[in-house]
Amino acid sequence: MSKIKDDTSSIWTSLAKKGVSRRDFIKFCSTMAATLALPSSFVPRIVEALEKKQRPYAVWLEFQDCAGDSESMLRATKPTIAEVVLDVISLEYHETIMAGSGKSAEKALQDVVKNQKGKYIAIVEGAIPTKDGGIYCTIGGKTALDIAKEVCGNAAMSLAVGSCASWGGIASAKPNPTGAVGVGAAVPGITYVNLPGCPMNVENVTATVVHYLTFGSLPALDGEHRPLFAHGKIIHNNCERRAHFDAGQFVRKWGDEGHRLGWCLYEMGCKGPEAHFNCPTIRWNGGTSWPVQAGHPCFACASTNNWDAFGPIYSRLENVPGAGYQTTADKIGATVAAVAAAGVAAHAVIRAAKGTPHKEEKE
Amino acid sequence: MAKIAIDPITRIEGHLRIEAQVEGGKVTDAWSSGTMWRGIEIILKGRDPRECWALTSRI
Ligand code: SF4
């Protein structure tokens with residue numbers, strides 16, 4: 001958290017100064033290419049960009065948040081990723097970790113907004129309340145809404161990290177007492193990327209910044225302004241428990257035999273069949289695990305309005321467009337699997353009979 | 001006699017403002033305010049009790 005200075009060293013130079021080996025640097029660039037779903041032939045381009053580019057200035061704003069996204073960033077466990085995140089960007093303002101308070105904190109923020117106008121990255125964590133003039137979140141006497149307008153409005157781009165900043169998250173769950181919205185809705189017209197997740201995954205955030213530095217543009221986005229590399233596929237299709245779903249092997253009670261054997265969590269409320277996120281491949285805490293691997297159903301944390309749109313966490317998906325899993329799952333579990341028919345075939349037959357395409361096939 | 005305000009208080013989770021009354025170099029009175037509210041208590045009303053942990057753990 002340095003004072004603004006003319007730091008002309010490139011990202012690679014500053015990493016090297018911190019003792020990051022060339023080998024780890026190349027490894028990091030390869031991981032980024034993989035995260036961005038780019039072929040390995042792009043690795044040299046990423047390497048070259050990070051060798052040449054200076055670190056963009058960044059400020060991290062916290063509004064209606066729990067600091068979970070900050071934790072997600074700070075607890076990145078891969079040997080170099082935490083350093084890289086803090087080194088790829090030059091973080092000048094972050095309430096939870098910065099040294100200055102009060103006026104000196106305000107000044108650090110204002111310095112970036114004024115001196116780096118149009119060049120810095122605004123990272124936003126937390127929702128923005130709009131009800132009653134925005135009084136439900138103020139910092140230094142200013143409303144979150146006014147701060148977002150000023151800081152995001154003058155940035156090169158804004159990254160909405162976590163579900164709250166992306167679309168309102170928990171704060172916007174019914175009945176949304178404070179009129180909480182995401183950054184894109186609060187400050188119309190800005191250039192921004194939603195990086196939802198509860199919390200966000202630091203590797204997706206870093207990959208987005210690396211993409212921007214390498215290609216000078218935002219990665220391809222979906223209809224919800226989320227990068228396709230992270231949200232282009234549904235969890236269900238990459239889930240390590242999928243074979244059990246197809247075979248009709250479901251956990252039916254916490255701690256039952258199926259649970260101990262790692263069977264599918266669909267019956268326990270898993271929203272994986274409707275949730276678009278790269279958790280199964282990228283995982284968390286440096287690739288250690290992810291909720292389904294740990295035995296808990298996915299609750300679609302990165303899907304817009306997840307707290308209300310998918311029903312309670314532990315209720316089986318019902319009445320969602322393209323649903324049919326209930327029938328499928330029950331039939332497979334009760335009859336089809338019993339006669340040893342292939343789950344996949346049964347799935348397809350029932351689907352064809354219903355004449356409704358599954359959402360999963362739209363990707 | 002002066003009143004000072006420190007806002008934001010950093011290195012904490014959440015949003016905090018401290019105001020203090022200073023007389024002769026001594027703090028004689030002080031006020032703290034949490035400056036962010038989401039209404040989680042209201043959001044929890046009527047929800048499936050089994051999922052409440054997931055919301056409250058994100059306060
Ligand atoms: S329902 Fe959930 S646990 Fe089962 S295969 Fe799909 S994503 Fe995995």
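Please read all numbers here as calculations on a predicted model, not as lab measurements.
Judged by distance alone, with hydrogens and angles left aside, the side-chain atoms of B:Thr35 form a donor-acceptor pair with the main-chain N or O of A:Thr138 at under 3.5 Å. Although no hydrogens or angles enter the test, the distance criterion places no donor-acceptor pair under 3.5 Å between the side chain of B:Glu51 and the main chain of A:Tyr314. Proximity of a side-chain donor or acceptor of B:Arg11 to a complementary backbone N or O of A:Met98 within less than 3.5 Å is detected. For B:Thr10 (side chain) and A:Gly100 (main-chain N/O), a donor-acceptor pair under 3.5 Å exists by modelled atom type. Although no hydrogens or angles enter the test, the distance criterion places a donor-acceptor pair under 3.5 Å between the side chain of B:His15 and the main chain of A:Glu62.
Interface remark: A:Ala180 contributes no atoms to any contact with chain B (heavy atom separation under 4.5 Å). Looking at B:Ile12, only its backbone comes within 4.5 Å of chain A, counting heavy atoms on both sides. The part of B:Ile40 that comes within reach of chain A is its side chain, from C-beta onward, which places non-hydrogen atoms under 4.5 angstrom from that chain. Contact of A:Pro312 with chain B is made through backbone and side chain together, with heavy-atom distances under 4.5 Å. Within the 4.5 angstrom heavy-atom criterion, only side-chain atoms of B:Asp48, from C-beta onward, approach chain A. Residue contact with chain A, scored on non-hydrogen atoms closer than 4.5 Å, involves the backbone of B:Ile59 exclusively. With a 4.5 angstrom heavy-atom cutoff, A:Phe299 touches chain B only via side-chain atoms.
In this structure, B:Pro8 and A:Glu106 have side chains that are in contact, with non-hydrogen atoms separated by less than 4.5 Å. When side chains are defined from C-beta on, B:Arg58 counts as touching A:Cys198, because their heavy atoms get closer than 4.5 Å. Using a 4.5 Å heavy-atom cutoff, the side chains of A:Trp307 and B:Arg47 are in contact. In this structure, the side chains of B:Ile6 and A:Lys103 stay at 4.5 Å or more apart for every pair of heavy atoms. Residues B:Trp37 and A:Pro129 form no side-chain contact, since every pair of their non-hydrogen atoms from C-beta on lies 4.5 Å or further apart.
Atoms CD1 and SG, on A:Ile313 and B:Cys52 in that order, are 9.0 Å from each other to the nearest 0.5 Å. With values rounded to the nearest 0.5 angstrom, B:Arg38 atom CZ is found 6.5 Å from A:Cys66 atom SG. One finds the OG atom of A:Ser101 at 10.0 Å from the CD1 atom of B:Ile18 (value rounded to the nearest 0.5 Å).
Among residues 141-153 of chain A, the residues having any heavy atom closer than 4.5 Å to a heavy atom of chain B are, in sequence order, A:Gly141.
The shortest heavy-atom contact between B:Ile43 and A:Pro175 is CA-CD, 4.0 Å.
Per-residue counts of heavy-atom pairs under 4.5 Å with chain B were compared for A:Ile135, A:Thr178, A:Thr96, A:Asp308; the largest is that of A:Thr96.
Every residue two or more places apart in sequence or in another chain was checked for a side chain to side chain donor-acceptor pair (under 3.5 Å) with A:Asn176, and none qualifies.
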